[in-house]
There are 2 protein chains.
Amino acid sequence: MTETPIDPVPVVEIARLGQHIGEEVRIQGWVYNLRESGKLLFPLFRDGTGLLQAVVFQKNVSPELFAQVRSLTQESSIHARGVVRADQRAPGGVELDLHVLTVLQLVPASDPYPISPKEHGIDFLMDHRHLWLRSQRQAAILRVRHQVIRAVRDFFDNEGYVLADAPILTPAACEGTSTLFEVQYFDDKAFLTQSGQLYAEAAAMALGKTYCFGPTFRAEKSKTRRHLTEFWMVEPETAFAQLDDIMHLAEKLVTAVVARVLEHCRNELKTLERNPAPLEAIQLPFPRISYDEALSRIQTAGSEMKWGDDLGGGDETLLSKQFDRPVMVHRYPASAKAFYMQPDPERPEVALCVDMLAPEGYGEIVGGSQRIHDLNLLRQRLEEHHLAEADFRWYLDLRRWGSVPHGGFGMGIERVVAWICGLEHIRETIPFPRTIYRIFP
Amino acid sequence: MTETPIDPVPVVEIARLGQHIGEEVRIQGWVYNLRESGKLLFPLFRDGTGLLQAVVFQKNVSPELFAQVRSLTQESSIHARGVVRADQRAPGGVELDLHVLTVLQLVPASDPYPISPKEHGIDFLMDHRHLWLRSQRQAAILRVRHQVIRAVRDFFDNEGYVLADAPILTPAACEGTSTLFEVQYFDDKAFLTQSGQLYAEAAAMALGKTYCFGPTFRAEKSKTRRHLTEFWMVEPETAFAQLDDIMHLAEKLVTAVVARVLEHCRNELKTLERNPAPLEAIQLPFPRISYDEALSRIQTAGSEMKWGDDLGGGDETLLSKQFDRPVMVHRYPASAKAFYMQPDPERPEVALCVDMLAPEGYGEIVGGSQRIHDLNLLRQRLEEHHLAEADFRWYLDLRRWGSVPHGGFGMGIERVVAWICGLEHIRETIPFPRTIYRIFP
């Protein structure tokens, strides 16, 4: 490997070459591909911002340069110099007339880059996730994920929500310990958080409108295409909010996220072969149906689900396929939901809660509720759920001093990315996925 | 507690009352304080966006309302209705002429809110952190933290960096296991990440410019005012970057963060009694001195530090007090630093690394380096540091296929917030701090 040469010609990112037509530039990156057509060589370079086709015509360059380009191998790292030319047929609309090439590291033919353009099995790709990210498809998903996260943060910031990060290390279980990862915390035990909600409730009493946004953990032995053990969740919490406010906030958020991706990631959606039409249909307002209506629709569609059951993955798919935008199902049976959900005063056997199901069979992306604000009712629910009051002492304090109606929801980032990108499996939505059988690399 | 009444008068956030002078509005929030002056009552309300003084003149209201206001206790939750009046003497520049009050929960005199305006010990406050956040001072710190994080993300997004979150659960230690928290991962062991850097390096080879930003963990038995066991860190990584690029990126970032806080958080800095003048001095460029020069300055100032030692907390303070803006100390002895740092080609006993020390004695806020990009040198360093090559197999792959010079840094959010807010102790910079002796609430 050689050191980077000093060169007065400016380094330009591939995505910005369109502003340098006719100019001499340098690019730095990696060889993505090499195509040969008689006396013409077409190396394809990538630099993280885009793909660039360079052209080398044998009669215009020295035999040494021609041979050097011809010897390029996939993922060799390079500096290239040349003149930018507009070409509508080329990826990105520009080509590079290459005249100087510096190879930083030539990947040897004897030890080639492991991920060739041929098909590989998913285990092989996941074992090489640190390299697989370089593929156009995986990099496109990461860019969509980036815009989804950015849109979420911008949305809450613009709505006046103050970020208050919840802790990852927690002393007790939010909803029982069976799905918690245990951590050795000096001479004590701790657990990885499943949700920042309880902490967000405390922050909402301080800040009025708040959100937390970080990794959360579930030690579920699920092997479905919708489950990761480590995933990112955004959780807004609003003082004085009631169920309708929560539903409206959730639909505005999802609409803003989809709009942002459509605005910034058209090329990525194309790379992913994701039809943007279903995303363009995501407009306010979203349909809202009660659990009872959802049940009747699901039963009509052939499910054996009964009143009192939570919706299974198959039921969610049956239902969400009936709508062209996310559907909000509210007022589930209280018995199927978490201890902290406020009962409907007009019908206490149902909770003032909502799940939002993404269209196209992608299932639940948002789950939320109004929270119980009455101290005695909350105590009663802890007891009914066999949760120790001592573990929730500080949480009960929020109902003891200055309690107000409040509520919020959690939105799982990976499920949203899977839906927006049209992915079969959630494992491609996060840079380094963690599942029951995978904690490498 | 009563249910929220239906009322046609709009609910307005306290921070936005200045746009409603002369209008009738409702506010919803909590009682912060109550002052009485003869026939006048001045309840002070908070709603998370600001503080509002209301006025109740005995002869203008019913005896019932006067008595009701007079009975208000700290942190009782309320809805209040009245007319907004400009008043320069009042906090926020407006007052509320209160005529309707609905008390949602009256905190009883027999069980008062635990955090009264009197002084409390730090253990008591930390045990009541879920309530302490409601104090003006703590809420101001959280708002500064929010703007710091927002500024960091905006900065990298605008510079073309793509977010790629590193995993929290990792299979092996980045720099030895002595300061790692161990997690029971199904039938296996895992560790909580200390740094996303190694993963960010993989992402940089895919995306060119990337950053990760999440919680990180150190099981250090440190009890200093600068240490938390759980803290948030942003870590950019740039392909093709060399030490000078890394230093320039770091100084631009810190300048942008400080400018954002000065733009958005003047009131918060006032609440914190933080003199903004030292922050206004934070302008580009930052001083850059070599480790050798730093050592000589520190020795002159009386330290017994010797060449080869890392800077201790006291040394950092001695040095940083000599500058009116953050100082970047580069090229430390390689032996004092991590295994992955690129040696200076002109002087291999020093590493191409940099630490940025905040002014006013706040110590290290940024640590970064150029990374070793040569496969054989990296292997040699792993061996010298007694790290098993098998644990770093995927990391070595980055040097095997398409290796390029690259580098980055980590910036600890809590230390930056402590410095900007002028705090004595880092524990107030995060909503729910975790230290060796504290994992509650």
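Chain identifiers are assigned alphabetically (A, B, ...) following the order of the sequence lines, protein sequences preceding nucleic acid strands; residue numbering begins at 1 within each chain.
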**Asked** Which of the residues R129(B), R143(B), Q184(B), E201(B) is involved in the greatest number of heavy-atom pairs with chain A at under 4.5 angstrom?
**Response**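 If we count pairs closer than 4.5 Å to chain A, Q184(B) comes out on top.
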**Asked** A239(B), A206(B), A15(B): which one forms the most heavy-atom pairs within less than 4.5 Å of chain A?
**Response**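 Most heavy-atom pairs within the cutoff with chain A belong to A206(B).
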Interface moiety of [X] toward chain A, non-hydrogen atoms closer than 4.5 Å:
X       : result
E13(B)  : side chain
P167(B) : both
W232(B) : side chain
I78(B)  : backbone
I430(B) : neither
L207(B) : both
P108(B) : neither
Q136(B) : neither

**Request:** Find the distance between CZ (R134(A)) and CE (M205(B)) and round it off to the nearest 0.5 Å.
**Result:**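 Answer for the CZ-CE pair, R134(A) versus M205(B), is 7.0 Å.
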With heavy-atom distances below 4.5 Å as the criterion, would you say the side chains of [X] and [Y] are in contact?
X       : Y       : result
D157(A) : R150(B) : yes
R400(B) : V107(A) : no
T170(A) : I439(B) : no
F240(A) : V11(B)  : no
Y185(B) : R434(A) : yes
F432(A) : D165(B) : no
R393(A) : F440(B) : yes
W30(A)  : W401(B) : no

**Request:** For atom OH of Y437(B), decide whether the heavy atoms of other residues, nucleotides or ligands shown that lie under 6.0 angstrom number more than 12.
**Result:**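 It does not: Y437(B) OH has 12 such atoms or fewer within range.
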**Candidates W394(B), Y395(B), F392(B) - the one meeting ring-ring contact (aromatic ring centres under 6.0 Å, His included) with H130(A)** =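 When W394(B), Y395(B), F392(B) are each tested with H130(A), the ring-ring contact (aromatic ring centres under 6.0 Å, His included) holds only for W394(B).
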